[in-house]
> 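Shown below is the structure under consideration.
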Amino acid sequence: MTVLVNPTALSDHKARDFKMLINGKWEAGASDPIERVAPSHGVVVSRFPTGSRKDAERAIAAARKAFDLGPWPRMTASERSAILLKAADLIAARAEELAFLDAIEAGKPITQVRGEIAGSVDIWRYAAALARDLHGESYNTLGDGTLGVVLREAIGVVSIITPWNFPFLIVGQKLPFALAAGCTTVVKPSELTSGSTLVLGEILQEAGIPDGVVNIVTGTGPEVGAVMTSHPDVDMVSFTGSTGVGKLTMSNAAQTLKKVSLELGGKNPQIVFPDADLDAFIDAAVFGAYFNAGECCNAGSRLILHKSIASDVVKRIAELSKAVKVGDPLDPSTQVGAIITPEHLEKISGYVAGARSSGARVAHGGETLDLGMGQFMSPTILEEVTPDMAVAREEVFGPVLSVLTFETSAEAIRIANSIDYGLSAGVWSRDFDTCLTIGRSVRAGTIWMNTFMDGASELPFGGYKQSGLGRELGRHAVEDYTETKTLNMHIGKRTSWWMPQTEKLA
């Protein structure tokens, strides 16, 4: 592990004051703002309005009016698509500003965030293309007297709630598809990392989004999020975050039977067989465990290794982990940045301590790092982990890799499926039959074969079990924000009557 320290990088930075967007107007909150302290440097870098219940209600009212009476749902698909494409171009033009905000507010390595912004641009362009591909169905096979048409209509007002770990990327997995369908929205970013989403509001205004179509309210979940998930004028909720908060979101939405899309936690296994390309796997294992400091629902945090190779593989992963660069997120060579809050760092350390007390052994790392700036965790490998340990079953959300072993394919599948999550998994073998057997047997939304954490705008993303409901991205992503309506039309003179004609006329 290489430590990169530059404690003066933000010493001259002036904290940026933001406003929230409601019905096309930028507003400050009525109470003291939320001050965001950079997790990497310990200085205030942003101030966000502390939104209230009333602010959330006003934003929902604006979105409701914009949907019921405004132009956005009534535009042609090509008109909406053109605005989304312009937004994508403007995102690209302000990419460095957006990357800097996510890096200092979330503690993410700047090089990584630049890649996320570029990926977001691609998603916005993909959503713009899907806007023009959205269509219904027709049935001319129901007899001479009937024509059936199935319409797809925008579902209405959508509440979008996003987490702190991928502030700009995840709003890009939701908002452009809702807009492409013709919906209006209220967006609540995490109160820890609101900056880039608020800049997105500026971008959308410049791109030509009508007032009230996109509203952005900053604040806490209990104050703002609770209104957004329960208000009767909201038709759908799209939420990404922890499984616990996802359950609360679903409960709130159930009061008015809203449609709910949830992208939640993961405890993702990588199953490795003796015939795998171990050089490729070991690089992917280090990447999958430590990318975004492990604060990633898709993190490959469980290695399930064949017993015959486990000892050697762990040694090689530990050796490669020594070269991982941890430190200042603004240094372009940093690979692992800061942990989001001191409280979360304490939680991660608690999982490591608990695993040790249960019999696991630290093969690498295991300690917090004092760099004289912010809060950091060393990349950590725990071996001799058993499936019943908390560190093997629960989402640590930190740079902690748990190693388990297996002897047969059936045992590997059983271990992989033994927990409550099912977001993603990886399988490593040169034998395609082995990969396909594991891929079809592990209950997860994405299975990577001889790779890990690859993705594309065209590929659906979401989980099984308590990893969520629904899918984001992919060719059907816009459809998720629609309702279907059947038009059953009679053609010509009606010849079939329930009541005899004489009695009806009498």
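Every heavy atom of this structure was used, including side-chain atoms; hydrogens, water molecules and symmetry mates were not. These figures come from a predicted structure and were not determined experimentally.
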> Output yes when Glu458 and Arg475 qualify as a salt bridge under the 4.0 Å nitrogen-oxygen rule, no when they do not.
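Judged by the 4.0 Å cut-off on N to carboxylate O distance, Glu458 and Arg475 do not form a salt bridge.
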> Please check if atom CZ in Arg443 has more than 12 non-hydrogen atoms from other residues, nucleotides or ligands closer than 6.0 Å.
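Incorrect, the count does not exceed 12.
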> When you measure from the side chain of Arg393 to the backbone of Ser418, do you find a donor-acceptor pair of N or O atoms at a distance under 3.5 Å?
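Checked: pair present.
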> Under 3.5 Å, is there a donor-acceptor pair between the Gln335 and Tyr290 side chains?
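Judged by distance alone, the side chains do not pair up.
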> Specify the closest pair of heavy atoms between Gly265 and Tyr421, including all atoms of both residues, with the distance to one decimal.
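For Gly265 and Tyr421, the tightest heavy-atom pair comes out as O-CD2, 3.4 Å.
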> Please determine if Lys259 forms a cation-pi arrangement with Tyr481, meaning its NZ or CZ atom is less than 6.0 Å from the six-membered ring centre and no more than 45° off the ring axis.
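Here Lys259 fails the 6.0 Å and 45° test against Tyr481.
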> How long is the gap from CD1 on Ile381 to CG on Leu401, to the nearest 0.5 Å?
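So the gap between those two atoms works out to 6.0 Å.
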> Do Phe397 and Trp164 have ring centroids that are under 6.0 Å from one another?
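Under 6.0 Å, so yes.
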> Minimum heavy-atom separation for Lys465 to Asn417, with atom names?
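Closest approach of Lys465 to Asn417, heavy atoms only: NZ-O, 3.2 Å.
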> Any side-chain to backbone donor/acceptor pair from Asn268 onto Ala425? Under 3.5 Å, distance only.
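Checked: no pair found.
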> To check you understand the geometry: which heavy-atom pair defines the closest contact between Ser194 and Pro189, and what is its length?
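Smallest heavy-atom distance, with atoms named: OG-CG, 3.6 Å.
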> What pair of heavy atoms forms the shortest contact from Ser429 to Thr434, and how long is it?
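Heavy-atom minimum between the residues: OG-CB, 3.7 Å.
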> Verify, without hydrogens or angle tests, whether Ser467 (side chain) and Gly422 (backbone) share a donor-acceptor contact under 3.5 angstrom.
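Checking the backbone N and O of Gly422 against the side chain of Ser467, a donor-acceptor pair under 3.5 Å is found.
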> Nearest 0.5 angstrom please: Glu97 CD to Arg94 CZ, how far?
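So the gap between those two atoms works out to 4.0 Å.
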> Looking at CG of Asp480 and CD of Glu472, how far apart are the two atoms once the value is rounded to the nearest 0.5 Å?
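One gets 8.5 Å once the value is rounded to the nearest 0.5 Å.
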> Hey, do the aromatic rings of Phe287 and Phe281 have their centres closer than 6.0 Å?
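When the ring centroids of Phe287 and Phe281 are compared, they turn out to be at least 6.0 Å apart.
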> Return yes if some donor-acceptor pair links the side-chain N/O of His306 with the main-chain N/O of Glu407 below 3.5 Å, else return no.
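Such a contact is found between His306 side chain and Glu407 backbone.
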> Taking NZ, NE, NH1 and NH2 as the nitrogens, is one of them in Glu137 or Arg152 under 4.0 Å from a carboxylate oxygen of the other?
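So Glu137 does not pair with Arg152 through a salt bridge.
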> Quick one: does Asp420's side chain have a donor or acceptor within less than 3.5 Å of a partner on Gln466's backbone?
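Looks like no, no N/O pair under 3.5 Å.
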> Work out which heavy atom in Val478 is nearest to a heavy atom in Ala180; give both atom names and the distance.
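For Val478 versus Ala180, the nearest heavy atoms are CG2-CB, 3.9 Å.
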> For the atom pair CG (Leu98) and CG (Leu90), what is the distance rounded to the nearest 0.5 Å?
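Output value for this atom pair is 10.5 Å.
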> Can you see whether Thr405 engages Lys307 through a side-chain donor-acceptor pair at a distance of less than 3.5 angstrom?
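There is no such pair (donor and acceptor under 3.5 Å, judged by atom type) between the side chains of Thr405 and Lys307.
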> So, does Ser251 use its side chain to make a donor-acceptor pair with the main chain of Leu248 at under 3.5 Å?
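Side chain of Ser251 to backbone of Leu248, a donor-acceptor pair under 3.5 Å: no, none is there.
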> Where is the tightest heavy-atom contact between Phe166 and Glu295, given as atom of each residue plus distance?
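Closest approach of Phe166 to Glu295, heavy atoms only: CE1-O, 3.9 Å.
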> Give a yes or no answer on whether the side chain of Thr243 reaches the backbone of Leu264 with a donor-acceptor pair at less than 3.5 Å.
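Such a contact is absent between Thr243 side chain and Leu264 backbone.
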> For Asp275, does its backbone N or O pair with a side-chain atom of Arg430 as donor and acceptor, under 3.5 Å?
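Confirmed, Arg430 side chain pairs with Asp275 backbone.
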> Is a side-chain N or O of Thr249 found less than 3.5 angstrom from the main chain of Lys247, in a donor-acceptor match?
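No: the side chain of Thr249 does not pair with the backbone of Lys247.
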> Using a strict 4.0 Å threshold on nitrogen-to-oxygen distance, state whether Arg316 and Glu319 make a salt bridge.
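Not counted as a salt bridge, because no side-chain N and carboxylate O are separated by less than 4.0 Å.
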> For Asp388, does the CG atom sit with more than 12 other heavy atoms under 6.0 Å from it, leaving out its own atoms?
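Check passes, neighbour count above 12.
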> Tell me if a side-chain donor or acceptor on Ser261 pairs with a main-chain N or O of Ser238 at a distance below 3.5 Å.
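Between the backbone of Ser238 and the side chain of Ser261 there is no qualifying donor-acceptor contact (under 3.5 Å).
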> State plainly whether the residues Glu116 and Lys108 are in salt-bridge range, i.e. N to O under 4.0 Å.
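A salt bridge links Glu116 with Lys108.
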> Between Thr451 and Asp454, is a side-chain hydrogen bond (donor to acceptor under 3.5 Å, both in side chains) present by the stated rule, with each step listed?
CA-CA 7 Å; Thr451 187; Asp454 284 342; 2.6 Å; yes
> Just verifying a value: how many Å separate Ser409 OG and Asp433 CG, rounded to the nearest 0.5 Å?
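CG of Asp433 is found 11.0 Å from OG of Ser409.
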> Before accepting this row, confirm whether a basic side-chain N of the pair Glu105/Arg36 lies closer than 4.0 Å to the acidic partner's carboxylate O.
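No, no charged N to carboxylate O under 4.0 Å.
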> What distance separates Asn252 CG from Phe239 CZ, expressed to the nearest 0.5 Å?
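Separation between the atoms: 10.5 Å.
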> If you draw a 6.0 Å radius around CE in Met449, do more than 12 non-hydrogen atoms from other residues or ligands fall strictly inside?
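Count over threshold, so yes.
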> Walk me through it: do Asp102 and Ser196 pass the test side-chain hydrogen bond (donor to acceptor under 3.5 Å, both in side chains)?
CA-CA 7 Å; Asp102 276 7; Ser196 61; 2.8 Å; yes
> Cut-off 3.5 Å, side chains only: do Lys174 and Thr240 have a donor facing an acceptor?
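There is such a pair between these side chains.
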